[in-house]
Amino acid sequence: MKKYIPILGVVLAVGWMMIIFYFSSKTGAEIDNTQSFFVKRIVLWFEGSEFNDYPISRQQAIISRYSYFLSKTAHYFEYGILCYFCFLLFFHLKKYHLRYIMSLLICILYAIGDEYHQVFSSGRTPRVQDVLIDFLGALTAILLIELFLTIRQIIKTGKNYD
């Protein structure tokens, strides 16, 4: 069963990269439309139905705040997921530190490429801040994986994971 984990990692990582690439190809207007769909639901969930009674300027400020948060959160989680899939890809490596290094390296390089790709999409601009958020998402995934594997190893054998 363990021999199929890297194959699963390749399929999931490449598939996830294609999804990231698809969203990166969207124009600024298309991204705004997608975000506004989700933001309106989030705003109504947190602010309640009285949101519609707020003055327009306050509604716009709230929507802007939630849009920014949603955008950065999406970056964080999409690269955390990508890092997990890359970790599966390198699961077979004997030196487990290489699993982490290679996974993070792929994520950071893909994040840089993704931001560069946005240069070619109308209304989109590359941001170093987004690459840093992507890296933090990937790093968090690596730390959670290491925590999970360490706890599992301790429970299983009473020894630390190596």
Side-chain angles (χ1 to χ4, degrees), residues 1-2 4-47 51 60-93 95-152 161:
M1 182 65 179
K2 283 187 177 184
Y4 295 113
I5 292 175
I7 295 169
L8 178 66
V10 169
V11 171
L12 292 173
V14 170
W16 196 250
M17 286 176 171
M18 290 169 63
I19 290 170
I20 293 171
F21 185 85
Y22 169 75
F23 282 106
S24 186
S25 299
K26 290 184 168 260
T27 65
E30 290 172 324
I31 290 293
D32 289 344
N33 288 340
T34 304
Q35 275 185 336
S36 67
F37 172 79
F38 289 107
V39 168
K40 286 178 184 174
R41 274 127 192 97
I42 292 170
V43 167
L44 289 174
W45 189 38
F46 282 110
E47 300 290 331
F51 173 76
Q60 289 172 339
I62 291 170
I63 288 174
S64 175
R65 185 176 69 227
Y66 281 103
S67 292
Y68 180 79
F69 177 76
L70 180 67
S71 171
K72 301 312 167 198
T73 302
H75 271 273
Y76 181 83
F77 282 107
E78 71 187 2
Y79 278 86
I81 292 168
L82 177 61
C83 193
Y84 173 70
F85 293 157
C86 290
F87 180 83
L88 293 177
L89 167 66
F90 297 112
F91 187 77
H92 67 284
L93 294 176
K95 294 184 179 182
Y96 78 97
H97 287 92
L98 281 178
R99 300 175 191 175
Y100 302 122
I101 293 168
M102 295 301 293
S103 298
L104 284 172
L105 185 63
I106 286 175
C107 286
I108 194 75
L109 291 174
Y110 197 77
I112 291 167
D114 179 49
E115 290 301 313
Y116 177 71
H117 174 243
Q118 289 181 18
V119 169
F120 304 105
S121 299
S122 174
R124 305 286 301 274
T125 55
R127 291 189 173 92
V128 173
Q129 175 189 24
D130 288 344
V131 173
L132 293 174
I133 291 170
D134 298 342
F135 176 73
L136 287 175
L139 184 61
T140 301
I142 287 296
L143 293 173
L144 289 174
I145 290 167
E146 175 62 17
L147 179 65
F148 172 77
L149 291 175
T150 300
I151 290 171
R152 190 181 95 191
Y161 175 73

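The shown structure was predicted, so the numbers you read here are calculated from the model rather than taken from an experiment. In this chain, residues are counted from 1 in sequence order.
In this structure, CG on Leu144 lies 12.0 Å from CZ on Phe87, to the nearest 0.5 angstrom. To the nearest 0.5 Å, atoms CZ (Arg99) and CD (Glu146) are separated by 9.5 Å. In this structure, the separation between CG on Leu88 and OH on Tyr84 is 4.5 Å, given to the nearest 0.5 Å. From Ser121, atom OG reaches atom CZ of Phe23 across 13.0 Å, with rounding to the nearest 0.5 Å. Distance CD1/Ile142 to CG/Leu147: 12.5 Å, rounded to 0.5 Å. The CG atom of Leu93 sits 11.5 Å away from the OH atom of Tyr100 when rounded to the nearest 0.5 Å.
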Return all side-chain donor-acceptor pairs below 3.5 angstrom for residues 75-83, not counting sequence neighbours, or 'none' if the list is empty.
{"unit_1": "His75", "atom_1": "ND1", "unit_2": "Asp134", "atom_2": "OD1", "d": "2.7"}
{"unit_1": "Tyr76", "atom_1": "OH", "unit_2": "Thr140", "atom_2": "OG1", "d": "2.6"}

Considering only distance and modelled atom types, tabulate donor-acceptor pairs under 3.5 Å from the side chains of residues 6-13, sequence neighbours left out.
none

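Among residues two or more places apart in sequence or in another chain, the ring pair (Phe, Tyr, Trp, His ring centres under 6.0 Å) test is passed with Phe21 by His117. Take Asp114 and apply the salt bridge (Lys or Arg N to Asp or Glu O under 4.0 Å) test, not counting sequence neighbours, and it matches no residue. For Gln60, there are no side-chain hydrogen bond (donor to acceptor under 3.5 Å, both in side chains) partners two or more places apart in sequence or in a different chain. Annotation: ring pair (Phe, Tyr, Trp, His ring centres under 6.0 Å) contacts of Tyr116 (sequence neighbours excluded): Phe120. The side chain to side chain contact (heavy atoms under 4.5 Å, CB included) search around Ile101 returns none, not counting sequence neighbours. With sequence neighbours left out, the side chain to side chain contact (heavy atoms under 4.5 Å, CB included) criterion links Ile42 to Phe46, Tyr66, Leu70. Residues forming a side chain to side chain contact (heavy atoms under 4.5 Å, CB included) with Arg65 (at least two apart in sequence, or on another chain): Glu47, Ile62.
Among residues at least two apart or in separate chains, there is no salt bridge (charged side-chain N to carboxylate O under 4.0 Å, His left out) pair with a member in residues 135-144. Within the structure, the salt bridge (charged side-chain N to carboxylate O under 4.0 Å, His left out) test picks out no pair touching residues 15-30 (sequence neighbours left out). Screening residues 124-133 for salt bridge (charged side-chain N to carboxylate O under 4.0 Å, His left out), with sequence neighbours left out, gives Lys72-Asp130.
Two residues are said to be in side-chain contact when any heavy atoms from C-beta on lie closer than 4.5 Å; Ile31 and Gln118 fail this criterion.
Checked by atom type and distance alone, the side chain of Thr73 pairs as donor or acceptor with a backbone atom of Phe69 at under 3.5 Å.
Between Ile106 and Met17, the shortest heavy-atom distance links the atoms CG2-CE, 3.5 Å.
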Open item on the list: Checking Leu136 against Leu132 for the side chain to side chain contact (heavy atoms under 4.5 Å, CB included) test, could you report, in this order, the C-alpha distance in whole Å, the side-chain angles of both residues, the deciding distance, and whether it holds?
Closed with: CA-CA 6 Å; Leu136 287 175; Leu132 293 174; 5.6 Å; no
